[in-house]
Amino acid sequence: MNSAAAQTPQSGTVHFGTDPLWEQIKSSHSGPDWLLAMRQQAFEDFKAEELPSRVSHLWRYTDPALFLTSNGLGGGQRTKDEGLLPTILQAEFSSGLLCAAASLRDGRDMAASIDPKLASAGVRLIDLQEAARTYPDLLREHLGSLIGADFGKFEAYNAAAWSSGILIYVPRGVEIEKPIHILSSASGSKHPLVQRLLVILEGSASLSVIDEYGSGRSNGDGPSHSSAIVEMVLGAGARLKYAPVQNWGNNTISYLTQRARLDADAQMETVMTTLGGQVGKVDCGAILAGKGAESNMFGLAIGGARQQFDHHTVHDHRSGNTRSDLHFKVALRGRAHSAYTGLIRIEDHAQFCEAYQENRNLLLSSGAKAESIPELEILNNEVRCTHGATVGKVSPEEVFYLGARGIDPAEAVRLIVTGFVEPILKHIPDGVRERIHGEVLAHLGETPND
Amino acid sequence: MTEAQIPFRCEDIHVAIESKPVVKGVTLNIKGGEIHALMGPNGSGKSTLVNALMGHPSYSLTSGRIFVNGENVTEMPPHERSRHGMFLAFQYPLAIPGVTVANFLRAAVKARVKDDSEMKAFRKTLLAEFERLEIDPAFATRYVNDGFSGGEKKRLEILQMAMLKPSIALLDETDSGLDIDALQIVSKGINTVVNKDVGVLLVTHYQRILNFVKPDFVHVFMGGRIVRSGGPEMAAQLEKEGYEKIEKEVSRIAEVA
Ligand SMILES: Nc1ncnc2c1ncn2[C@@H]1O[C@H](COP(=O)(O)OP(=O)(O)OP(=O)(O)O)[C@@H](O)[C@H]1O
Ligand SMILES: [Mg+2]
């Protein structure tokens, strides 16, 4: 055996030698061995995969090199955290707005509170590494099943390196009215955050999840990078409302990849809000795998200064009689840029599907720029599908109408933009909506418009 | 009556649209309690006049001056003209999707009150106006003019006027598209706003509304000018004879001159 061959990794074992990142991953890992093996495989994939080229699909608008982190892993040593919820969550939970609250701070263990009634009904809200030990079968089946290491280079990185995560499990038939609110934050850390969320709804279960990232301050605090992967599995007839809110400080580069898989007659409503960060990339998708499944996506992105957003959505109709609808709205100030690509895919055997997609962009300054690219892969004719995109400005006629009522131009624009985003915001779960609404308005007012 | 007590005065108003003259010298004096009807053929420039008076950005005032309660508002942007007491009911009210009628009016009322304590009565006042104008209060949570019928939009314009209590109301064809019941309700709404300190300029094509809202003066508007002014009887005469007769007289005068 020559020396070159000796260095070839054998399947199941990895020889990274002294790769410092791998050493860090290994030392912060606290799950079972099978999970470490999974991380190893993913790390191998991450190393092997080339950086996506700037002309490849989904990488035309944002430089992939931005997502490479050079400053190791965030979080450092895992500690049994003080277990305290941030004030916002604690207040929402104690005032009865939520059924449960969880926080992930600096990529460490989660702190959580859950309505004891739910816990006794079998609902689980637990740390993902802990879940890998307690529910190995469940996690081996679902962790990485929708977004595995083969999804892309950065997804492989996440699969290897995630330092904190949450499992939410709702047993068959358990219907939960009030939302769970998860808040991921970083206290001034300049490290990357690498996280995962896995949501499993058994048949006919129902749940709402608010998945918020950031401290709500645009003062530059926050991680250098945020990589989040969200997998959601909906059993037959399950109903899930999912509201990701990205509100990082203005230095963070964030990347959220989310997929949901819907069995027959499952219903999903996604309401994504992107406000913060320097660069925000989002790839959100629903796989309509079972007959009668339905996905409604609402999205909102508000940018200013030199913020850069890159959103991709997927509605993948793999079964007949499935329905999808999407409304994505973008309002930009300053020199903010937004690119949106929306894929509707309907398989050849998936007949009698309906798929709708609408993207509207409102430019509030001459330096702002928005692109909108629909992507349709419709492989049979028995479908109803429409898509539309607009890029426009606030019309002087509208400002005049409000002006004729005594409303000054700045306030008029504020009202018009509020009106623009309102139809999206109203889908955010009750109780939290008011605060998010406030964040949106603050964000519109705060970011410089030049 | 002193100058400051006259709700509205404009002198020699000229308006151009994309440098084409449309309004060619209009002078009006509207005293408190007076209702002036402005009637004229399609395209004669009535909407251009009232929009320009309100400060529409694409209608440029090439000359003339505008006074509200004696104050020169000619150089003011629309929102300040509004706060000084001008109101325009639009011929084609615009939809503002996503903004509810209640929030819209709250912002409008708030823009003219001195301190927030005055906002306390807002809801009550709004509901009272809904009732008076026989509008379903459910409209408060609908988006402004979004999907409203023609008549509903016109009623909402009058509701806004009632909430904003102007000194001079410019009403551009507020009667168009109203059924007979709505016409009476809207007329009642207009009559309630008019008092000794408030004047109205009512742009209309029809005698119908003038049976309910009694004008003190009727002005005939043609080719960007007021070519005749008279009493309320002139409206009925116009409706019978049309504009043709006046047009001929006017052009004859023009030829002679
Ligand atoms: N934005 C515009 N651009 C170009 N021309 C315009 C514009 N607005 C109005 N005009 C023109 O100016 C003239 C006057 O229009 P205006 O709307 O004022 O008439 P009007 O008397 O109100 O008519 P109507 O009785 O039909 O409402 C018309 O010839 C019209 O086409
Ligand atoms: Mg007109």
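Keep in mind that the numbers below use all heavy atoms, side chains included, and drop hydrogens, waters and symmetry copies. Throughout, a chain's letter reflects where its sequence line sits, starting with A, and its residues are numbered from 1.
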Sorted by number, residues from residues 270-277 of chain A in contact with chain B (heavy atoms, under 4.5 Å):
none
Checking heavy atoms, do the side chain of [X], its backbone, both or neither come under 4.5 Å from chain A?
| X | result |
| --- | --- |
| B:Pro93 | both |
| B:Leu88 | both |
| B:Asp146 | neither |

Distance-only side-chain donor-acceptor flag, [X] / [Y], under 3.5 Å:
| X | Y | answer |
| --- | --- | --- |
| A:Asn296 | A:Glu294 | yes |
| A:Glu397 | B:His56 | yes |
| A:Asn247 | A:Tyr213 | no |
| A:His315 | A:Ser295 | yes |

Heavy-atom side-chain contact between A:Cys284 and A:Val314 under 4.5 Å
no
[X] bridged to [Y] by N-O distance under 4.0 Å:
| X | Y | result |
| --- | --- | --- |
| B:Arg142 | B:Asp136 | no |
| B:Arg155 | B:Glu152 | no |
| A:Glu92 | A:Arg435 | yes |
| B:Glu80 | B:Arg83 | no |

Ordered numerically, the heavy-atom neighbours of chain A under 4.5 Å found in residues 99-120 of chain B are B:Val99, B:Phe104, B:Ala107, B:Ala108, B:Ala111, B:Arg112
Closest-packed option against chain A by number of heavy-atom pairs under 4.5 Å, given B:Pro78, B:Pro77, B:Pro57, B:Pro166
B:Pro78
Should the ring pair A:Tyr340 and A:Phe328 be called parallel, tilted or perpendicular, given that the plane angle runs from 0 to 90° and is split at 30 and 60?
tilted
When you measure from the side chain of A:Lys178 to the backbone N and O of A:Gly96, does any donor-acceptor pair fall under 3.5 Å?
yes
Heavy-atom cut-off 4.5 Å, strictly under: side chain, backbone, both or neither for A:Glu398 against chain B?
both
Against chain B, label A:Phe420 side chain, backbone, both or neither, depending on which of its atoms sit under 4.5 Å from a heavy atom there.
backbone
If you count heavy-atom pairs within less than 4.5 Å of chain B, which of A:Asp408, A:Leu425, A:Leu415 leads?
A:Asp408
Do you know which of B:Thr174, B:Asp172, B:Asp175 makes side chain to side chain donor-acceptor pair (under 3.5 Å) with B:Thr204?
B:Asp175
